[in-house]
Amino acid sequence: MKKEIPKTYEPNKYEDEIYDAWEKSGFFNPDNLKLPKNAKSYTIVLPPPNITDKLHLGHSSMLAIEDLLIRFHRMKGYRTLWIPGTDHAAIATQNVVEKKLLKEKGLKRQDLGKEKFLKEVWKFLKTTQATILSQTRKMGASLDWSREAFTLDEARKKAVAKMFVDMYKEGVIYRGERIVNWCPRCKSTLADDELEYQEQKTKLYTFKYDKNFPISIATTRPETKLGDTAVAVNPKDKRYAKFVGEIFEADFLGTQLLIKVFSDREVDKDFGTGALGVTPAHSMADWKMAEENKLNIMKVIDEDGNIRSGFGKFSGKTALEAREMIVAELKNRNLLEKEEEINNNLSVCYRCGTAIEPLPSKQWFVAVDKKIKRLGNKSLKEKALEVARKKKIKFIPFRFTKRYTDWMENLHDWCISRQIWFGHEIPVWYKTRNVECGTRSEGEIYVGVNPPKGKGWVQDQDTLDTWFSSGMWTFSTLGWPDNFKKNKKSGDLKKFHPTQVLETGYEIITLWVSRMIMMSLFATGEVPFENVYLHGMVLDKFGKKMSKSKGNGINPVDMINLFGTDAVRLSLLVGSTTGNDMRLSEDKISSFRNFVTKLWNIYRYAVTACPDFKLVDKLDRRNIKTLADRWIVSRLNILIKEVTDDLDSYRFSLAGEKLQNFIWNDLADWYVETSKVERNWNVLGYVLGYVLKLSHPFAPFVTEKIYTDSNQRMNPNSRIKNKLLMVEKWPVADKKLVDKKAEKEFETLQEMITKIRNLRSSYRIAPGVVISAYGKSVKNIELIERLARIKFDGQSAKGIAVSARKMEIVLDVAEFVDMEKEKARLRKEIQDLETLAIKTEGLLKNKKFLESAPKVIVAQNKIKLVEYGEKIKTQKELLKNLG
RNA sequence: GGAUCCUUAGCUCAGUUGGUAGAGCGCUUCGCUUACAUCGAAGAUGUCAUAGGUUCGAGUCCUAUAGGAUCCACCA
């Protein structure tokens, strides 16, 4: 069954059908792999992409790296599992849908009500989810789709509720009041790491509460000063020392304040007046001071960002309106001493950009410092630090360990409740529930996986932080809690937990990695993964972060359509280093497309030139005949060792580069190109077969295509034609085939041939004179001879022509069987050429010769008459003119 | 304020434990030779940011400086 092979590999034609074949084979699922019972497991959980949007190149990079690891280990004989999934990304998704609703229908979520709104969210997420999954397949990701999960599906809901209840029962989850970062627009709390900071100019006002108050204070937010209960000064500040410990009454524009003066080291003497008005309810730092100094707490601003009742004319106004009113009144009363512009770092909501309002509020927390019995009386924080320090979890590159431990050490209790509709419900019910300006009081409370029986129970209206559910990802996807009864693992959890590698972006160490570690330790007593491999961000060719708003993002699917998945994968894997950002441009991707074509054409050449060509699994050493054979086989076996080592050590880029060099330079340019005369197809079949295996994790499609194409050609009627490269055994280097002597000898030949090539070009080019037309083209040699005959002494010119012929003979050197004979031949060639070079040079120095020479340059089958500046003429035309 | 990373060819970046400076793209010249023009051959280009130190030997290790990027903390 022989068919024509196209000149170039056409990815779009084959990729979908190849992916189908993989998927149908069932080998993405480790249960279908034919493995010995004691085969080791190798598991990666895919960091679930947010369902807010389709995938970008950053995701592609993640998929490329993980699929490389997965395919490599699958071929190495591990019980290899890669679990797919998506993340519901609560706040982000809710925001996207809200914006969409407003834009398309002019509706707010409140207009729809919770139930209808959530329906809209699900409608939205189903479409993006579908897009994400199809993009993932396009990348060639060999994920086990039978185990696909979503952070908000039924199984995960069950796991999350169980986790919450368990932690509550251990006293790790508690409800408490404290200052939270409140977004008045999203009406939700934000974690510290969900804040963004905006540098901006703000006015700093210096004033006194009233004219009898002894100390002036400075603030950028006068409206919050309605809730001041103290003034803090630096203990070393002599100006205020005499007031410390005293309590003053003040009348701040109609509001009665009781101000205690105390000292605190945190206060900067040189900022403003050196005295800080303390507003415990509306500043993180002040809250801390209030706790230490047992200050009263007075709330001024409510959840909508308005001034609460009880503040006279200011009540009901927005914070900004109140600020303006207060400043105006301070001016009127002559209390305002100074008004200056300063640079201020404003915290804003990372989703909507609204200024954050720090507010005290009742929230659910995970206690990170509480000693936990099941963790050997250590806290989550201590245990999470221990596993990193004892290297039960290794960070790659190592330096990120420090980022993790530093952050862990300073970790505060984690607020896990969010005031949004979309997300995991909190498994808590109350009997009576009053809501009044952020303070909630309730009577009876019930915490359990299943709703309580009886009437009058109302479920907690809040939802859980996304990271609470994604923090459980490694074990919730492996069947926890059903697979974890009485502290014993069973099923998937037993087979695949802990996982081997978590591959993710370094920016997510604190948000996600740390939470996974804590939650896994609590739930299973195990680390969630043994290694954390961190990749950098993918930037555009100017080094800017790709983002939708900037419009500089490259859509991976566009690139795949243009250049093929293999090229996209290679460009993401080669030329980048662990933990560092990388730039990507179309040029880079297209150069890898060319590489894929190269690989394809080695195969194409073999099949066209040798109808019986086949890939060889085992090489009979008697088939290694020529020096070139020994050389390429030796090089291959060194390559196998190096690539395997590199991949084992996460040096993907290096491994890819070595493969590329071998395939392009050694195999194509030297082995295939130089030994055309008597090709050893057996050796080529062996080398190509092994190269395909080594390259498969990098470029799965083209390698699989070549592999199956070859099998189908040679074995159209046997089962072999359905064999997949994907599950072939990873090559093992054979030390006996490494032949250093052969490599050295071959290198000598390479050097000699290169020298001849150099000689050829060294005297080929001379200003204004003929030259060129080397090569086999008889026409060109004829041309030189004719030009020479017309104008000069025949002999000298003939020399040039002859030399042209000779050089081609050198390049045809094919068989390096008799090394000494071959070397002698090459040496003679070099000598001849050198003599010729001297002769020619002499000729070219001859003024008479130069003056009378036709000033032509032969290039690209076209001849340019330089002297007359004439336009390019064809060779034929010139010959005609010369008669 | 604390920390990390980067600075190597015109551009984008490799360079694993210290041992003769690398790749791709681009550029110059030549070549369509039945595997490949998405190709082949040849060529040019570097005080490895700066200054010290350790060493027989430093792009690589140490110290300081400059510039760039990022993360964390945070100013009332």
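All values reported here derive from a predicted model rather than from experimental measurement. Lettering follows sequence order; numbering is per chain, from 1.
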In whole angstroms, the gap separating C1' of B:A76 from CD of A:Glu357 amounts to 14 Å
Within the pair A:Trp664 and B:G40, is there a side-chain N or O less than 4.0 Å away from OP1 or OP2? yes
What do you reckon, are the aromatic ring centroids of A:Tyr9 and A:Tyr14 less than 6.0 Å apart? yes
How do A:Ala606 and A:Lys588 order along RNA chain B: which one's closest nucleotide is nearer the 5' end? A:Lys588
In terms of the angle between their ring planes, are A:Tyr209 and A:Phe252 parallel, tilted or perpendicular, with boundaries placed at 30° and 60°? perpendicular
Atom CH2 of A:Trp670 and atom P of B:A42: how far apart are they, to the nearest Å? 7 Å
Could I get a table of every N or O pair under 3.5 Å where one atom is in the protein and the other is in nucleotides 13-17 of chain B?
residue : atom : partner  : partner atom : Å
B:C13   : OP1  : A:Arg583 : NE           : 3.4
B:C13   : OP2  : A:Arg583 : NE           : 3.4
B:C13   : O2'  : A:Gly575 : O            : 3.1
B:A14   : OP1  : A:Thr577 : OG1          : 2.5
B:A14   : O2'  : A:Glu657 : OE1          : 3.4
B:U16   : O2   : A:Arg651 : NE           : 2.7
B:U16   : O2   : A:Arg651 : NH1          : 2.8
B:U16   : O2   : A:Arg651 : NH2          : 2.9

Which one, B:A76, B:U38, B:C36, comes nearest to the side chain of A:Thr8? B:U38
In whole Å, what is the span from the CD1 atom of A:Ile602 to the C1' atom of B:G40? 14 Å
For the side chain of A:Asp587, counting heavy atoms from C-beta on, which of B:A76, B:U38, B:C25 is nearest? B:C25
Would you say a side-chain N or O of A:Arg604 is under 4.0 Å from OP1 or OP2 of B:C36? yes
Pairing partner of B:C36 (Watson-Crick or G-U wobble, both distances under 3.5 Å): none
B:A21 and B:U60: how far apart are their P atoms, nearest whole angstrom? 13 Å
Ring-ring centroid check A:Tyr605 A:Trp681, cutoff 6.0 Å: yes
With sugar-phosphate meaning primed atoms plus P, OP1 and OP2, does A:Lys402 contact a base, only sugar-phosphate, or nothing at under 4.0 Å between heavy atoms? sugar-phosphate
Please indicate whether A:Lys658 has more than 12 foreign heavy atoms, meaning atoms of other residues, nucleotides or ligands, lying under 6.0 Å from its NZ. yes
Any strand counts, and the cut-off is 3.5 Å on both contacts for Watson-Crick or G-U wobble. Which nucleotide pairs with B:U60? none
Separation of B:G24 C1' from A:Asn594 CG (nearest whole Å): 11 Å
Just how far, in rounded Å, is C1' of B:C36 from NZ of A:Lys7? 8 Å
Euclidean distance, atom OH of residue A:Tyr605 to atom P of B:U33 [Å, nearest integer]: 17 Å
Would you indicate what A:Arg593 reaches in the nucleic acid, counting non-hydrogen atoms under 4.0 angstrom: base, sugar-phosphate, or nothing? base
Using Watson-Crick or G-U wobble geometry with both distances below 3.5 Å, tell me the partner of B:U28, or none. B:A42
Considering every strand shown, what is the Watson-Crick or G-U wobble mate of B:G67 when both distances are under 3.5 Å? B:C6
Just to be sure I understand the rule, does A:Thr608 reach a base, reach only the sugar-phosphate, or reach nothing, if contact means heavy atoms closer than 4.0 Å? nothing
For A:Asp669 and B:A37, give me the distance from atom CG to atom C1', rounded to whole Å. 14 Å
Tell me which nucleotide, if any, is Watson-Crick or G-U wobble paired with B:A14 when both distances must be under 3.5 Å. none
Starting from the 5' end of RNA chain B, give me the residue, A:Arg399 or A:Gln660, whose nearest nucleotide shows up first. A:Arg399
Under 3.5 Å, is there a donor-acceptor pair between the side chain of A:Asp413 and the main chain of A:Val368? yes
Using atom CZ of A:Arg323 as one end and atom C1' of B:A76 as the other, report the distance to the nearest whole Å. 12 Å
Find the partner of B:G1: check Watson-Crick (N1-N3 plus N6-O4 or O6-N4) and G-U wobble (N1-O2, O6-N3) distances, both under 3.5 Å, and reply none if neither fits. B:C72
